Amino acid sequence: MKALSGVPLTSLKIAPVAADDFRADGWRVAIVGGTGGIGRALARFLVAKGARVTAVGQTVRDAGVPGLDFVKADLSLMSEARRAARELPAEELDAVILTTGTFASPTREVTAEGIERDLAVSFLSRVVVVRALAGRLGTQRAGAARRPRIFVMGFPGTGQAGVVDDLNSERRYDLMVAHMNTVAGNEAFVLHAAKVYPRFGVYGLNPGLIKTDIRANALGGRDSLRFKVVEWFIGLTMMSAEKYAARVAPVMLAPELEGRTAVHFNQKGIAIKPSEVMTESHVERLMAAAEAVLARATA
């Protein structure tokens with residue numbers, strides 16, 4: 001079976017817009033994970049360009065910024081993800097951007113709901129948020145012709161399949177395997193959501209390596225020498241979160257996306273093919289495994 005794809009990539013041409021010329025006036029956006037890292041950079045950039053943004057996260061760093069609201073939530077818990085989704089002004093939203101993430105630790109960490117922590121934060125919380133928002137998303141936007149958009153940040157197109165029969169890393173734990181489960185899950189979720197929610201445009205984002213705190217958990221914490229050296233090197237050789245936000249935001253709000261769905265974009269905002277492993281049957285198996293973990297968490 002061929003990998004799923006929502007659009008022939010050669011037919012998707014997005015006119016480039018310089019960051020200085022870009023405007024987001026009239027857009028109402030929620031960024032789940034918008035209080036740190038790439039999510040925070042996107043929130044600040046979009047607000048500066050005229051959008052109204054609600055950021056969801058644990059630590060509020062930009063209180064008082066005009067046009068930027070906050071919903072405080074611990075997204076390692078599915079109960080908190082549902083609550084945060086209920087508090088969002090879903091009916092007024094044009095776009096939801098899911099950036100919340102962490103990295104698996106050297107030893108397996110489990111949330112109070114029995115979910116491996118990286119899987120909970122970086123993948124399953126997003127499934128829960130979208131499901132909780134779906135019925136209300138964009139239903140009360142006055143005169144809005146465009147359909148609501150959902151963006152899922154991860155590393156699509158990298159060929160990760162995930163361990164479907166041990167998604168929660170219960171039988172065997174390895175930090176890289178655990179994190180790659182979230183990578184596979186997010187890519188599958190884009191393709192799954194595009195099919196389940198035809199009223200929305202659903203897209204995947206692959207930012208590549210960006211200097212943020214996401215790897216702190218795996219590298220001994222923010223104060224460890226290892227973390228500081230790794231992030232120093234990434235910062236030296238890769239683009240910043242702010243530069244990425246300025247590059248990808250015009251693509252995310254581009255009118256050319258109207259009528260398109262199940263499309264992934266790389267760090268440059270160019271459409272890329274999904275991983276070959278993401279066949280319809282594999283996507284269904286991955287999402288069924290995710291549902292099984294969620295069912296146990298809410299039992």
Side-chain angles (χ1 to χ4, degrees), residues 1-15 29-33 38 42 90 93-101 122-135 137-138 145-162 164 180-208 248-291:
M1 294 178 65
K2 292 183 178 180
L4 294 173
S5 179
V7 58
L9 298 185
T10 55
S11 70
L12 180 55
K13 303 295 184 183
I14 298 177
V29 180
I31 304 180
V32 182
I38 296 172
L42 278 167
L93 293 176
D94 298 292
V96 177
I97 307 171
L98 303 161
T99 70
T100 184
S122 305
F123 171 39
L124 294 181
S125 67
R126 301 166 175 203
V127 176
V128 169
V129 166
V130 170
R131 180 177 298 161
L133 290 176
L137 186 58
R146 56 182 175 258
R147 65 177 177 174
R149 300 177 182 184
I150 298 172
F151 295 91
V152 181
M153 189 162 289
F155 288 91
T158 54
Q160 297 300 322
V164 176
M180 291 306 111
N181 282 342
T182 76
V183 170
N186 281 309
E187 183 169 359
F189 182 47
V190 170
L191 302 173
H192 171 79
K195 181 178 178 180
V196 173
Y197 305 115
R199 190 168 65 86
F200 312 138
V202 187
Y203 314 95
L205 301 173
N206 184 340
V248 78
V251 174
M252 297 168 72
L253 273 55
E256 291 90 342
L257 290 190
E258 197 61 35
R260 311 284 189 151
T261 195
V263 184
H264 301 286
F265 295 94
N266 67 13
Q267 188 182 64
K268 297 180 180 180
I270 298 171
I272 58 174
K273 294 180 180 180
S275 299
E276 287 295 326
V277 71
M278 289 297 163
T279 62
E280 185 173 1
S281 61
H282 190 71
V283 168
E284 289 177 355
R285 290 177 63 220
L286 261 173
M287 294 309 300
E291 293 294 345

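If you're wondering where the values come from, they're calculated on a predicted model, not measured in any experiment.
- Not counting sequence neighbours, the partners of Asp94 by the side-chain contact (heavy atoms from CB on, under 4.5 Å) test are Trp27, Arg28, Arg141, Ala144, Arg146.
- Applying the side-chain contact (heavy atoms from CB on, under 4.5 Å) rule to Met180 yields the partners Gln160, Met176, Val183; only residues at least two apart in sequence or on another chain are considered.
- With hydrogens and angles ignored, the 3.5 Å screen pairs no side-chain donor or acceptor of Glu256 with any backbone N or O of Leu12.
- Between the side chain of Tyr197 and the backbone N or O of Val130 there is no donor-acceptor pair closer than 3.5 Å.
- With sequence neighbours left out, the salt bridge (Lys or Arg N to Asp or Glu O under 4.0 Å) criterion links Arg147 to no other residue.
- Taking CD1 of Ile38 as the reference point, atom CE of Met153 lies at 5.0 Å (rounded to 0.5 Å).
- Put simply, CD on Glu284 and NE2 on His192 are 9.0 Å apart, with the number rounded to the nearest 0.5 Å.
- For Arg126, the side-chain hydrogen bond (donor to acceptor under 3.5 Å, both in side chains) partners two or more places apart in sequence, or in a different chain, are Asn186.
- Between Ala188 and Leu286, the shortest heavy-atom distance links the atoms CB-CD1, 3.7 Å.
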Kindly indicate, with the supporting measurements, whether the criterion side chain to side chain contact (heavy atoms under 4.5 Å, CB included) is fulfilled by Leu42 and Phe151. CA-CA 12 Å; Leu42 278 167; Phe151 295 91; over 6 Å; no

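- Taking all atoms of both residues into account, the shortest heavy-atom contact from Ala254 to Ile14 is CB-CG2, 3.7 Å.
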Derivation and outcome, side chain to side chain contact (heavy atoms under 4.5 Å, CB included), residues Val29 and Met252: CA-CA 11 Å; Val29 180; Met252 297 168 72; over 6 Å; no

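- For Glu258, there are no side-chain hydrogen bond (donor to acceptor under 3.5 Å, both in side chains) partners at least two apart in sequence or on another chain.
- In this structure, Phe123 and Phe189 have perpendicular ring planes: the angle between them is above 60°, well past the 30° mark.
- The side-chain contact (heavy atoms from CB on, under 4.5 Å) with Leu98 is formed by just one residue from the set Leu205, Ile31, Ile150; it is Ile150.
- Once rounded to the nearest 0.5 Å, the distance linking CD1 of Ile270 with NE2 of His264 reads 15.5 Å.
- The shortest heavy-atom contact between Val190 and Val202 is O-CG1, 3.7 Å.
- Closest approach of Ser275 to Gly159, counting heavy atoms only: OG-N, 2.8 Å.
- Across every non-hydrogen atom of Pro156 and Ile272, the tightest pair is O-CD1, 3.6 Å.
- Nearest heavy atom pair, residue Arg199 against residue Leu137, reads NH1-O, 2.9 Å.
- Remark: Glu291 engages Arg131 in a salt bridge (Lys or Arg N to Asp or Glu O under 4.0 Å) (not counting sequence neighbours).
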